[in-house]
Amino acid sequence: MIAVHSIDETRAAVCTARVAGRVIGFVPTMGFLHEGHLSLIRVARENGADFIVVSIFVNPLQFGPSEDFEKYPRDAKRDREALEAASVDVLFLPPVEVMYPPGATTRVIVSEVADPLEGDRRPGHFAGVATVVAKLFNIVQPDLAVFGRKDAQQCSVIERMVRDLDVPVRLVFGETVREHDGLALSSRNSYLSKEQRALAPALHRALSAGADAISHGIHDVEAIEKLMRKMAAETPGIEVDYLAVVDPLTFRRPADFHHDVLVVGAVRIGKTRLIDNICIRKSAIPHAHIE
Ligand code: PAF
């Protein structure tokens, strides 16, 4: 593995690989890597990539002023070892001034799908994500790029951006990796104390209750959301931000249950904010309309 810090070095390494006929797979990350990130590298290979580029960049643009940019967990040495062990070819570690030189004021704004839920709670977040991902795509120019489904709205925002801007990349989404008790892996889980960690699976339990209701034919969105809130309330110490049933294309209430639907949630445990979701595939939704 080579570790590079500049755009030119990254482009040169990728160019050499492409000339040699390699298929470039890209996994953008903010580091503090866990099994979820490593699974995305495997997904890239399963989808035909044989030259893997991983970026680690804690993107200041996607953090609000009162968010955790400064204290976002970082462990460069451990990340590097994990990526070596995963036989990654290029690790791109750009400094902030490489990604955002003075005077860089252009932003990529995706509207509609980026507006509700996370977009509403975190103003500017998806503009930060879309801008950095667009830049990273222009730098790496991968054949395919892999993102984790845990950040479901992010996946939809990036999909929309790629479609709207005709970005020549194939997007692949990797399944969420969970702990034995259902907690989705996230770098932010490291903020949780032992006591808080014990509360955290309540988010997945609430979402599972919603997903079960949908796959048992209940299509009353308000009733499902109420059920999820009731489940979450069984765990004191969890503060619900939202628990919602949404259409994965719009992140608004589904017009009907004839397509895939998502149950999505965000909770706070102390100062830590966790998000998660479960997709209920169309094939798992009975046609009965129990209201
Ligand atoms: O999901 C993340 O880790 C980040 O939002 C991403 C896609 C690397 C952009 O900074």
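Start at 1 and go down the list; that is how both ligands and their atoms are numbered. Just so it is clear, the values below take in all heavy atoms, side chains as well, and ignore hydrogens, waters and symmetry mates.
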Can a donor-acceptor pair be found, under 3.5 Å and without considering hydrogens, that links the side chain of Lys150 to the backbone of Leu185?
no
Distance to the ring centre below 6.0 angstrom and angle to the axis at most 45 degrees; does that hold for Arg170 and Phe137?
no
Strictly by modelled atom types, are Asn59 and Tyr72 linked by a side-chain donor-acceptor pair under 3.5 Å?
no
Looking at atom 3 (O) of ligand 1, what's its closest protein heavy atom, distance included?
Met30 CG, 3.6 Å
Gln153 side chain vs Pro116 backbone, donor-acceptor pair below 3.5 Å
yes
Would Thr29 count as being in polar contact with ligand 1, using the rule that some N or O on each side must be under 3.5 angstrom apart?
no
Atoms of ligand 1 under 4.0 Å from any heavy atom of Val132, numbered from 1 in the order shown, are 9 (C), 10 (O)
Should you measure from each heavy atom of Gln154, which atoms of ligand 1 turn up under 4.0 Å away?
1 (O), 2 (C), 4 (C), 5 (O), 7 (C)
Output side-chain donor-acceptor pairs under 3.5 Å for residues 238-247, partner residues at least two apart or in another chain, one line each.
from, atom 1, to, atom 2, distance (Å)
Asp241, OD1, Arg121, NE, 2.9
Asp241, OD2, Arg273, NE, 3.1
Asp241, OD2, Arg273, NH2, 3.0
Tyr242, OH, Glu118, OE2, 2.4
Asp247, OD1, Leu249, N, 2.7

Element-labelled atoms of ligand 1 that are located less than 4.0 Å from some non-hydrogen atom of Gln62
4 (C), 5 (O), 9 (C), 10 (O)
